[in-house]
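What follows is a single structure, written as structure tokens, with notes after it.
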Amino acid sequence: MEGPIRYSFQPGPAQLFPEVETWINFALREGLLSRYHRDPEWRKIFKEAQQAVAQYLALPEDWTVAFASSATEIWQILSDAVVDCSTLHFIQGDFAQRWYALQKGANPRAQAIYLTADVPFYSQIRTAAESYHEVQFVAVVHVETSVGAFIPDISEIRKAFPEALIAVDATSSLGGIGLPWHLIDVAFASVQKCLGLPPGLGVLVVSPRAKERFIHMPRQRHNTLSFILQSAERHEPTHTPNLLGIFLLSRVPPERPPLVKVEADLYARASKLYAELERWGFIPLMPPEYRAPTVLAFEVKPPDDLYALRKRAEQFSIYLGWGYGAYKDTAFRIANFPALPDEAYSLLLRALREG
């Protein structure tokens with residue numbers, strides 16, 4: 001790297017909101033990070049963070065906001081919670097596959113549907129419903145970060161599985177794209193993507209229906225879902241948490257524009273990026289129906305050009321997102337997250353165009 005990174009398009013850890021620095025300095029100056037995490041001041045901050053998340057995401061009343069170390073930990077928390085249930089995972093890429101593998105290791109009844117990009121979404125969901133109509137828990141990755149894939153219509157999943165609990169890994173969409181809360185029961189994310197905060201904190205939101213299902217389950221671990229929900233009701237963590245992350249959640253989302261505006265801006269920007277990059281010969285990994293608005297993935301041919309592309313981006317003080325998994329050496333990804341201003345994308349397009 002020839003100089004400092006000005007803009008990071010890596011989809012996690014990703015670009016931070018500029019006000020993060022101000023609030024970190026405030027927390028240090030006030031000594032907040034040296035206080036006992038269950039004293040009245042921190043219970044107040046914990047509650048403020050819960051309220052800030054609920055307000056920014058426009059959660060329905062009575063949904064519960066809780067915290068964990070990451071979205072990956074929440075996979076484990078949910079896998080433990082539904083170990084006695086029949087479960088179904090919809091898979092578009094590596095992260096959904098990892099969640100399924102974790103569930104399958106704990107529960108042999110876990111099943112998976114591998115969505116095919118060249119088949120219409122609704123037809124695949126209806127076919128799945130015919131074979132798995134009695135499942136009790138459905139797991140969905142809203143934006144599959146590994147390949148820039150997207151679940152285009154959660155309502156189709158709800159129609160197919162009207163009685164099941166639906167859990168959504170929204171790691172690359174929460175805070176950037178609104179979720180249909182009336183159609184789902186659980187959603188979660190890490191904060192280092194659309195929420196524009198430093199990594200190390202997971203946000204978990206739970207509907208009243210799911211809370212009723214899980215809040216009385218036996219506590220077998222420190223992070224059993226029932227204990228997390230009970231602690232969240234008291235505005236307390238289950239352990240010594242990421243205090244800085246929780247504090248930043250209490251302060252940064254209230255300073256952002258409404259989510260409906262953020263979402264509209266991200267969709268408009270994604271449309272422009274897809275159109276421009278396709279015109280220049282870059283190949284999206286996903287067909288239009290399945291292209292995510294927040295993580296865009298493009299194949300580079302020949303692959304040898306990818307290294308040169310990254311180096312050229314660095315000359316513009318840009319950190320281009322690396323490919324992932326099978327596409328690590330043949331593709332790049334572009335985070336289209338709210339913390340990145342429009343001028344960053346103008347600079348990115350200039351760097352890509354001059355190749």
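Computed from a predicted structure; not experimentally measured. Values below: all heavy atoms of this structure, side chains included; hydrogens, waters and symmetry mates excluded.
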Tell me, do [X] and [Y] make a side-chain contact under 4.5 Å, heavy atoms counted?
X	Y	answer
L248	V20	yes
L306	R310	yes
L349	W280	yes
L347	I318	yes

Any side-chain donor-acceptor pair under 3.5 Å between [X] and [Y]?
X	Y	result
E343	Y7	yes
D153	S155	yes
H142	S173	yes
H235	Q50	yes
T145	S172	yes

Counting distance only, does the side-chain N/O of [X] pair as donor-acceptor with the main-chain N or O of [Y] below 3.5 Å?
X	Y	value
E144	I91	no
N107	C85	yes
S207	A210	yes
Q92	Y114	no
Q10	W322	yes
T294	F337	no
E299	T330	no
W181	L57	yes
R269	N336	no
S70	G200	no

Taking the six-membered ring for Trp, are F332 and F298 parallel (under 30°), tilted (30 to 60°) or perpendicular (over 60°)? parallel
Do you know which of V168, L165, V140 makes side-chain contact (heavy atoms from CB on, under 4.5 Å) with I184?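 Answer to the side-chain contact (heavy atoms from CB on, under 4.5 Å) test with I184 among V168, L165, V140: V168.
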Within 45° cone and under 6.0 Å: R256 NZ/CZ vs Y56 ring: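 R256 over Y56 ring: no.
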Using a cut-off of 6.0 Å, state whether more than 12 heavy atoms not belonging to [X] lie near its atom [atom1].
X	atom1	result
K104	NZ	yes
Y307	OH	no
Y132	OH	yes
Y327	OH	no
H216	NE2	no
E212	CD	no
E278	CD	yes

When you check the gap from the basic side-chain N to the acidic O, do [X] and [Y] get nearer than 4.0 Å?
X	Y	value
R353	E276	no
R251	E19	no
R38	E236	yes

CG of L296 to CG of L277: how many Å apart, nearest 0.5 Å? 8.0 Å
Atom pair CZ/CD of R109 and Q103 - distance to nearest 0.5 Å: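 Between R109 CZ and Q103 CD, I get 10.0 Å after rounding to 0.5 Å.
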Run the side-chain hydrogen bond (donor to acceptor under 3.5 Å, both in side chains) check on S69 and E73 step by step: do they pass? CA-CA 6 Å; S69 66; E73 186 195 12; 2.8 Å; yes
In a check of side chain to side chain donor-acceptor pair (under 3.5 Å) between D185 and each of R158, R213, K211, which one passes?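 Exactly one candidate clears the test, R158.
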